[in-house]
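Below, chains carry the letters A, B, ... as their sequence lines are ordered, and counting in each starts from 1. Bear in mind that the values here come from a model prediction, so they are computed numbers and not experimental data.
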2 protein chains.
Amino acid sequence: MPKRRTTQADVAAVAGVSQATVSFVLNDRRPAGVHISADTRQRVLDAIRITGYSANPVAQRLAGGRNQILGVFTYEATFPGGGRDFYGPFLVGVEHAAEQLGIDILLFTSARVVDGRRRLTRDGWQRLGIADGCLLLGQHEDRSELQHLLDTNYPFVFIGKRVSEGGRLPYVGADYVSATRRAVERLLEAGHRRVGYAGDMGSDQPTTDRWAGYRDALRAAGLGARLVPEDDPDAVAAAIVEQGLTAVVLAPERDPEELHDALRRRGLEVPRDVSVVLLGQPHHRLRRPQEWSGFVIPREQMGARALLLLSRLVAGDEVADPDLHRLLECTDVEGATVAPPVTALAP
Amino acid sequence: MPKRRTTQADVAAVAGVSQATVSFVLNDRRPAGVHISADTRQRVLDAIRITGYSANPVAQRLAGGRNQILGVFTYEATFPGGGRDFYGPFLVGVEHAAEQLGIDILLFTSARVVDGRRRLTRDGWQRLGIADGCLLLGQHEDRSELQHLLDTNYPFVFIGKRVSEGGRLPYVGADYVSATRRAVERLLEAGHRRVGYAGDMGSDQPTTDRWAGYRDALRAAGLGARLVPEDDPDAVAAAIVEQGLTAVVLAPERDPEELHDALRRRGLEVPRDVSVVLLGQPHHRLRRPQEWSGFVIPREQMGARALLLLSRLVAGDEVADPDLHRLLECTDVEGATVAPPVTALAP
DNA sequence: ACGCGATAATAATGCGCATTATGGTCTTGT
DNA sequence: ACAAGACCATAATGCGCATTATTATCGCGT
């Protein structure tokens with residue numbers, strides 16, 4: 001027989017007051033001239049301790065209050081395909097921040113999966129209402145879903161840059177553009193002049209930003225962009241040889257160690273013959289992660305910052321634009337895969 | 001202006017019926033002789049379509065019944081110390097199962113941390129009530145907390161073997177005993193006779209089980225146990241030499257690569273001079289994880305099985321003992337750190 | 001013609017909490 | 001001495017839904 005939860009009414013009975021009084025003491029709030037004496041207040045607090053009361057978050061929500069629960073909605077289904085390796089670090093940051101803030105995290109794992117992707121359908125969206133607010137993670141498609149989110153005034157924050165809906169989407173992202181620019185500049189300073197970009201050319205934000213940083217850095221040096229769109233490592237290696245590239249920047253969807261092996265099969269060594277810079281953590285598990293030059297996305301920090309922002313939005317704080325659309329700096333990694341080109345031109 | 005949600009009352013108004021009628025149609029249920037005519041039913045369904053109604057889960061829950069939320073409580077604070085690497089895989093399994101079952105996962109990150117360990121205090125416990133049931137993860141201390149859990153009839157399942165409270169604690173664990181026994185037998189079959197156990201001698205269940213498996217396997221072969229309790233890798237290496245060991249089984253709290261390095265500093269190679277077998281995944285991040293012989297704990301599977309069991313308990317199914325205290329087999333890993341001893345005795 | 005059961009739907013209630021509207025009592029100022 | 005606050009606390013209401021209790025209508029047998 002499941003013992004019924006302790007309610008405010010129970011506490012009130014013990015303290016010899018009304019349920020409303022308990023609620024006022026708990027929320028430490030006195031709207032419209034409600035007064036609670038120190039004595040009564042203490043009696044209620046004692047009763048709470050005695051009964052071991054804690055609020056029913058569901059009822060809190062229904063009555064229009066907050067319940068110290070923030071949700072996390074991941075668009076991409078976490079399985080299969082090692083997606084976890086990608087989202088895990090964000091969650092670590094989220095969890096860390098949640099611990100500091102004393103709130104619980106609700107993972108919306110129940111959303112229907114359509115085409116390997118979770119959907120925020122109309123009824124899926126309704127479930128979000130359990131939490132005070134929600135973090136959104138991953139690539140999404142449906143603009144109308146976002147519009148709906150905005151319309152309902154439900155607090156949410158994207159993890160990852162989102163420029164759309166008239167800039168009304170709050171997010172915490174990573175500054176891919178300048179990180180990529182710095183990566184390319186590093187190659188240019190080493191003397192490279194034929195620098196390729198190896199990766200898919202999607203229209204997603206990270207890809208767009210990486211490409212923009214790459215192109216800008218080259219353009220500033222009076223050089224042209226060279227895309228290496230091939231997927232197969234050996235094809236990439238072949239393209240590098242064919243285009244006479246001395247260096248490539250590598251998008252995370254490409255496995256650097258496979259490229260390394262493919263180059264070696266053609267007698268090319270990294271970084272002796274080809275310098276390689278990683279644009280963020282590769283999606284693959286590496287045998288020797290520390291050796292690669294490039295930058296890392298501060299995922300944990302992003303998760304933590306996003307949760308902090310969300311909690312401010314939930315609290316109803318006015319948040320100005322620099323905080324609503326925050327880009328965090330990526331951390332450059334020295335590594336050992338950048339060297340001057342063999343055929344370096346004289347400066 | 002937060003657009004108010006469509007409610008059953010709205011639907012009822014459109015259909016020209018009462019709110020209760022809408023609820024009955026939605027749940028397709030007629031308790032205690034309630035009848036809805038096909039005509040009315042259709043009008044309600046049309047009204048639902050027109051208004052785009054969907055239920056408010058918060059209200060549904062308040063009104064009674066289950067909420068399709070299961071909680072996860074982790075005793076050890078996830079930070080710091082890379083604990084995430086240990087608990088992550090369990091959560092992966094949990095999340096996977098949750099997705100299948102169509103339920104959401106609530107992480108109790110709000111629990112107060114005392115001495116680097118989360119506590120299931122009385123009010124912490126009350127918060128569990130949000131969810132239909134809860135998974136417990138990690139080492140715990142307070143027996144009285146467990147007793148309280150049992151008393152309240154709240155559905156819960158431990159991840160990890162728990163023998164206490166008269167065997168009334170449901171759990172899904174890993175069979176450390178036989179996995180360790182097999183590991184030792186493998187060394188014995190390779191010809192080893194002086195096999196040490198390197199690790200802490202705690203009273204926690206995993207340690208107890210590993211030691212039991214180790215001791216039993218040796219005893220069956222008429223050999224004695226040799227504990228190497230040292231913490232420092234160099235001290236471990238020294239002890240191995242001193243005791244004349246030709247092989248060690250290594251508990252997860254020891255870093256195998258550090259031991260490897262320490263042995264090499266003394267001119268000993270693995271596995272040429274010393275064979276090493278890992279008793280589960282080490283807590284440290286390894287440079288070359290795949291090379292080590294030993295076994296792995298099926299963490300994801302444990303998480304998934306635990307959630308499945310919990311959902312059955314929540315549903316009120318009668319669950320018999322083999323399922324209530326399930327031990328999953330560990331997977332043996334071939335690896336390359338076992339070889340015959342140099343000083344092998346003739347068979 | 002009368003009552004009884006089946007049918008059809010609504011009214012009413014409560015889940016636990018936040019909040020507004022009220023009702024008292026005790027001090028002040030004039 | 002008497003009204004105007006200030007102070008203290010409670011009653012009452014509603015959030016959206018599930019569920020129980022209740023009302024109303026009709027067909028049918030005797």
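- Mapping B:L62 and B:F24 onto DNA chain C via the closest heavy atom, the residue that lands nearer the 5' end is B:F24.
- Put simply, B:S23 has a side-chain N or O that comes within less than 4.0 Å of OP1 or OP2 on D:dA18.
- Going from atom CZ of A:R162 over to atom NE2 of A:H325 covers 12.0 Å, rounded to the nearest 0.5 Å.
- Rounded to an integer number of Å, the gap from B:Q8 CD to D:dT19 C1' is 12 Å.
- B:V17 comes within contact range of the sugar-phosphate backbone alone, with a heavy-atom separation under 4.0 Å but no base atom that close.
- Between A:R41 and A:D28 there is a salt bridge, with a side-chain nitrogen of the basic residue lying less than 4.0 Å from a carboxylate oxygen of the acidic one.
- Between A:R61 atom CZ and D:dC15 atom C1' the separation is 12 Å, expressed in whole Å.
- If you take CZ of A:R41 and C1' of D:dC7, they are 16 Å apart, rounded to a whole angstrom.
- Atom P of nucleotide C:dT10 and atom CD1 of B:I36 are separated by 8 Å, given to the nearest angstrom.
- Partner of A:I159 under the side chain to side chain contact (heavy atoms under 4.5 Å, CB included) criterion, chosen from A:V172, A:V94, A:L136: A:V94.
- For A:Q60, the listed nucleotide lying nearest its side chain is C:dC17; candidates were C:dC17, C:dT20, D:dT19.
- For C:dA9, the OP1/OP2 oxygens have no side-chain nitrogen or oxygen of B:S18 closer than 4.0 Å.
- Considering only the side chain of B:S37, C:dA9 comes nearest among C:dG16, C:dA9, C:dG14.
- Rounded to whole Å, the distance from CZ on A:R43 to P on D:dC8 is 13 Å.
- Listed candidates were C:dT10, D:dC8, D:dA11. Nearest to the side chain of A:T40 is D:dC8.
- Inter-axis angle, ends of the helix from C:dA1-D:dT30 to C:dT30-D:dA1, five pairs per end, rounded to 10 degrees: 70°.
- Between B:N56 and D:dC17 there is no side-chain N or O to OP1 or OP2 distance below 4.0 Å.
- B:D39 places its CG atom 14 Å from the C1' atom of C:dT7, with the value rounded to the nearest Å.
- One can place CZ of A:R66 at 12 Å from P of C:dA18, the figure rounded to the nearest angstrom.
- Expressed to the nearest 0.5 Å, how far CG of A:L70 lies from CG of A:D132 amounts to 6.0 Å.
- Note on B:T21: every side-chain N or O is 4.0 Å or more away from OP1 and OP2 of C:dA9.
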**OP:** Might you work through the side chain to side chain contact (heavy atoms under 4.5 Å, CB included) test for A:V17 and A:R43, ending with a clear yes or no?
**Re:** CA-CA 9 Å; A:V17 298; A:R43 283 219 315 286; 3.6 Å; yes

Enumerate donor-acceptor pairs with a distance under 3.5 Å from any side-chain N or O in residues 303-313 of chain B to protein atoms, sequence neighbours excluded.
{"unit_1": "B:S311", "atom_1": "OG", "unit_2": "B:L308", "atom_2": "O", "d": "2.9"}
{"unit_1": "B:R312", "atom_1": "NH1", "unit_2": "B:D323", "atom_2": "OD2", "d": "3.3"}

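- Across the protein-nucleic acid pair, A:Q42 atom CD and D:dA9 atom C1' stand 17 Å apart, rounded to whole Å.
- Here the CG atom belonging to B:L91 is positioned 7.0 Å from the CG atom belonging to B:L137, to the nearest 0.5 angstrom.
- In this structure, B:F158 and B:Y75 have parallel ring planes: the angle between them is below the 30° cut-off, well short of the 60° mark.
- A:T7 comes within contact range of the sugar-phosphate backbone alone, with a heavy-atom separation under 4.0 Å but no base atom that close.
- DNA chain D is contacted by both A:A20 and A:H35; A:H35 maps to the nucleotide lying nearer its 5′ end (nearest heavy atom per residue).
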